[in-house]
Each structure stands twice: as structure tokens, then as C-alpha cells.
Amino acid sequence: RKDRSFGGWAPAAKCRGHRGGLSHLDFSIDGRTLQSCDDEGYLKFWQVKGQASGEEIKKSDDPDSLFATIKDTKWHTHEAVFGWAVQGCWGPHDDGCALTKCARSHDAESAGSKLLATVDKFSRLKLWRWPAATETPSFAEFRAHGGGGVSSVFFSVDDEFVVTSGEDDCCLVVWRVDLSGSTPLEEACSEEILIAEQALDLKDTEAYDRSPEAEAASIDDRTKLFFMEERASDSDMAPVRPFVEKALPPSRPPPERVDEPLSNLRLEWMHGFRADDCRQQVKYARAWGLHPDDAAADARARGTDGNERLVCFFGGATSAVLEAVTSTMSFHRDHTDSVMSLAVHPTRPLVATGQQGKTPSVCVWDYRGDFLPKGAPAGQSQASRALAAPRPTKETLVTLHGAWRRGVSHLCFSPDGKYLASLGRDDWHTLVVNDWEAALTVCSRPTTKDAPFDLAFVPPPPPQSSED
């Protein structure tokens, strides 16, 4: 509250009683009650007005007690990951993955009309019907962030957008709510004497090793996760839900729908990109053939000054293409883990991106925005036929798997575009050269233990004139 005598703010009350660190807070609509939860799995309620301000509303079996009124309290927000209305989001069994935040839409009060969005440590965004109180409600799942989890989620005031923020990739991703009903130095130098940016620049090899749980979660390997849960100790798992004893249903529970919400989320925009430990993050691309059926739009995309109008970059597990003239963004989302390298083809509208992970992969995809003409000549490779066939935006033409470990740190096309060179994050930074259209490895060999900062093909010598 505002303390005018001191010209600043003073605490109105102090609420004490949590065992762990506070993680979420929600006020009631009338401002009289506060709910809070902590990282130990406890949910508590507090009085925030009157003489008892700051006192905990403790559980009581007395029907006339203040606790008995909590179940019918209307909450202004519902960021808390504990409570009756969100208990179904945890599933029937703990899977070792903790929810990090919830968000409720602001629309109609009727059951099934509101939406609930949740994010978790496995970088998943899930959309549910509100409330999600039964044991196994249906949901729709979306991914855009890389490994490390999603730290926050919220609906815009008009409920047109859902915004998520990555915990490790530090990207802000904007999703549009679609109501149409569709069911990531040679001299020795110690990190202690480096500033933070320099230390990240030298991050390499073992620094990209991750736990088996994180690797399995990044590719959503349910079998591996199950066996890891069987071997895990109690301290490795999420809290055993002590909040359940206070998750009481309201006096008149709304009729709950357990089917999947008809609303869908469409990736609209991505703010930020991975810049702390990567070098190939942002590239210009030629704006050719973006609008093959609209010559005027295609000319605007290319520009009259000859400058490029497309910017390719990545953040989390998503790669983005920004068309600067129209301020529109499209995405490639076929990676299963954080993207960490990018290269643009010298003669064709293609991009190659490499990801992080124990056994990473490289995707080669087309960045053009519309359907392309049919008719690839007979005898061409599978990638060439896919390139000429009509298809949706950002389809992966080829996925390469090679000798890389921990991640693909650098990518580079040869001057003629036939070959794709790459460096792994293993101890010897293995160099792999692929004939990417044929998905064949031409050569593979270790390079050096020192962290590489760039990768390039040697340009061919200039042609000799007849006089020489």
C-alpha cells in the first residue's frame, strides 16, 4: 500500500507459512483473498483485508468456517499450477515433469467456453478446456521452444493471442488463437577471467551434454521416460501433490467437458533469437519466387534497390523467416530440439538448420511462402521432386543424420550448392560433408579439440584466360 508519510510503499501485511520458495500468486476478484503455491507442492490461502490481513486461512471441517467459502471464490487470474480447476493437468500419475505456469482466458463464464493454457519443464504448451478437474481431460499440445522448459504463459486481454517465454532460449513466442475448429582462440584462457559474453562464446563440447531425462523429453520418448521414472528416487520426481487436500470443488461444480478444445494455436511471431553461444544465427536470403502467382507482390518482396528482403534466424526449436516489406513471419518447426546453426543455399531458395541433442540432425527446407509449380523432370532426386511439387510453407526436403554428437555448431553449403559441410560439438569437432540431395555422407573426419568459430569452403580459383 502507498505510505504517504514516507513518500513510498509500505507492506500492508506479511503472509508467512510456506515451506518452499513462492512460485505463483492469484488475487480473488473482490481483492479479499490471496492464493499462493510453492515449489514444495503446497497451496495456501490468505486474508489480505481487515484486521486479520496476512493470516492463513487454514483447512477446517467446520461448514461455517472461512475455509468453507474458499471453494466458491472467484479468482481474478489463475497462474497457480495447483488447485481444483487445474488438477487434471497433472495427469493420473507424476511423470517427473512439473508444470511451470497456468493461464486462463478471459472470455465467457460458461463451462467449456474458457480455455486453459499450461507450460512445463519439457517445453510443452498445452491447451485445455476450463476447468480441467477430471483425472484425464483431453488437450492439444504445441511446441516451439527448445530444451530447458517454458517459464511463462499468458493470454492477451482480448484472448486473440497466447504468449510463451522460453526458460533457456530467452525467446518470446506469440501464438494466435485460431477458432476455426482444427481438431534452439588458440590461446589458453580460463573462464574465470572472461566476461560473461566471452565465456558463452567459448562454450563447447561437454557443456552441451544433458541428462538422459532432458534428451528423452526433447524427442518426447515416452518409453525412455517410463523406465527412468522406474529407476528414479523420490528426490528426482515432482512433489507428491500435497495441494490436493485443499483442492475442493465449488458448491455447484460447472458441467465439465473433457474433450479436446476446438480452438487451435497458430504460431504468429517470435521475438528474440539464440545469440549467447552460437555464431550462425541470422542470415539474409534472396527474396525470389515468394509469390509466384502475384508478380507485384513478388517484386515488392525483392525490392527495387536490389537488397535482400528476407531474414532467416532461429530461436528454441523453431526457425523463422521474416519478410521485411510486409512484416510477416513464417516458420519451420520440424526440429525436435534447440536449433544452433543455419546456412542459406547459394543458388536455390533453401535453408539448412542443425540442432542440439545427443544424436542431432540437420534439416534442409524451402523458405518460399506459397505453393510452387508442378513438374519436376524425370530422373531427379527425391529432394528435387519435392522442391517442384506443390506443398505448404516450410516443408523439410531432406533430414540428415551423421557422426555429430551433442549438436551441429556450424553449417556451410559449397559454392555450387551440391555439398553441405557441418561441424559437430563432440570433443574433436567432427567435420561431415554430405551430398545433401542424395542424403549421402561424402566424408567424415575429426578436426581439432579447439572450439571452431567458422566454417567455409575454399572458393574455386578464377578461370584462366586463353592469353594466360
Side-chain angles (χ1 to χ4, degrees), residues 146 169 184-191 194-209 272-286 308 310-316 319-322 332 335 337-348 350-357 360-365 367 400 402-436 441-462:
D169 58 39
L185 295 176
E186 296 183 355
E187 297 179 357
C189 188
S190 63
E191 292 192 4
L194 295 176
I195 60 175
E197 289 80 1
Q198 291 173 322
L200 286 169
D201 207 25
L202 293 180
K203 181 181 176 183
D204 198 25
T205 60
E206 292 91 347
Y208 289 91
D209 283 330
F273 61 94
R274 184 171 182 172
D276 57 346
D277 60 349
C278 298
R279 286 182 168 267
Q280 295 183 324
Q281 312 101 326
V282 182
K283 299 281 187 180
Y284 280 112
R286 295 180 63 184
E308 311 297 356
L310 293 183
V311 180
C312 301
F313 63 98
F314 56 82
S319 302
V321 180
L322 171 65
H332 175 264
H335 282 289
D337 210 327
S338 300
V339 182
M340 59 191 320
S341 55
L342 180 149
V344 178
H345 196 282
T347 61
R348 298 166 68 177
L350 303 176
V351 170
T353 46
Q355 71 176 49
Q356 186 176 342
S361 60
V362 172
C363 292
V364 181
W365 46 278
Y367 59 72
L400 304 174
W404 314 290
R405 293 295 180 268
R406 302 189 181 109
V408 181
S409 62
H410 294 77
L411 288 168
C412 179
F413 282 101
S414 60
D416 61 359
K418 179 176 177 60
Y419 300 106
L420 178 64
S422 53
L423 287 175
R425 284 284 189 185
D426 55 281
D427 293 342
W428 284 95
H429 302 98
T430 299
L431 170 67
V432 180
V433 179
N434 291 97
D435 180 344
W436 65 269
T441 300
V442 177
C443 66
S444 175
R445 60 166 297 169
T447 57
T448 174
K449 281 196 170 185
D450 297 326
F453 287 161
D454 204 356
L455 175 67
F457 281 87
V458 177

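What you see is a predicted model, and the numbers here were worked out from it, not measured in a lab.
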Report task. Step by step, work out the side-chain contact (heavy atoms from CB on, under 4.5 Å) result for L455 and L431. Result -> CA-CA 10 Å; L455 175 67; L431 170 67; 4.1 Å; yes
Report task. Test side-chain contact (heavy atoms from CB on, under 4.5 Å) on V321 and W365 and set out the steps. Result -> CA-CA 12 Å; V321 180; W365 46 278; 3.9 Å; yes
Requested in this report: Look at the side chain of H410 and the backbone N and O of L423, then say whether any donor-acceptor pair between them is shorter than 3.5 Å.
Outcome: no
Query raised in the report: T430 side chain to G424 main-chain N or O, any donor-acceptor pair under 3.5 Å?
Result: no
Applying side-chain hydrogen bond (donor to acceptor under 3.5 Å, both in side chains), can you list everything that pairs with [X], at least two apart in sequence or on another chain?
X    : value
S319 : none
T447 : none
K283 : none

Over all atoms of both residues, closest heavy-atom pair of [X] and [Y]:
X    : Y    : value
C312 : V351 : SG-CG2, 4.0 Å
D169 : G146 : OD2-N, 3.2 Å
F413 : P346 : CB-CD, 3.7 Å
Y367 : R286 : OH-O, 2.7 Å

**Report entry** salt bridge (Lys or Arg N to Asp or Glu O under 4.0 Å) between D435 and K418, intermediate numbers included
**Finding:** CA-CA 6 Å; D435 180 344; K418 179 176 177 60; 3.3 Å; yes
**Report entry** NZ/NE/NH1/NH2 to OD/OE distance under 4.0 Å, D426 and R406
**Finding:** no
[X] [atom1] to [Y] [atom2] distance, which is reported to the nearest 0.5 Å:
X    : Y    : atom1 : atom2 : result
F457 : L420 : CZ    : CG    : 7.5 Å
D337 : S361 : CG    : OG    : 9.0 Å
R425 : R405 : CZ    : CZ    : 15.5 Å
L342 : C363 : CG    : SG    : 11.5 Å
H332 : T353 : NE2   : OG1   : 5.5 Å
W428 : T448 : CH2   : OG1   : 7.0 Å

Query raised in the report: With respect to W404, which candidate in S422, S444, S409 satisfies the side-chain hydrogen bond (donor to acceptor under 3.5 Å, both in side chains) definition?
Result: S422
Requested in this report: Please lay out, stage by stage, how V282 and V311 fare under the test side-chain contact (heavy atoms from CB on, under 4.5 Å).
Outcome: CA-CA 7 Å; V282 182; V311 180; 3.6 Å; yes
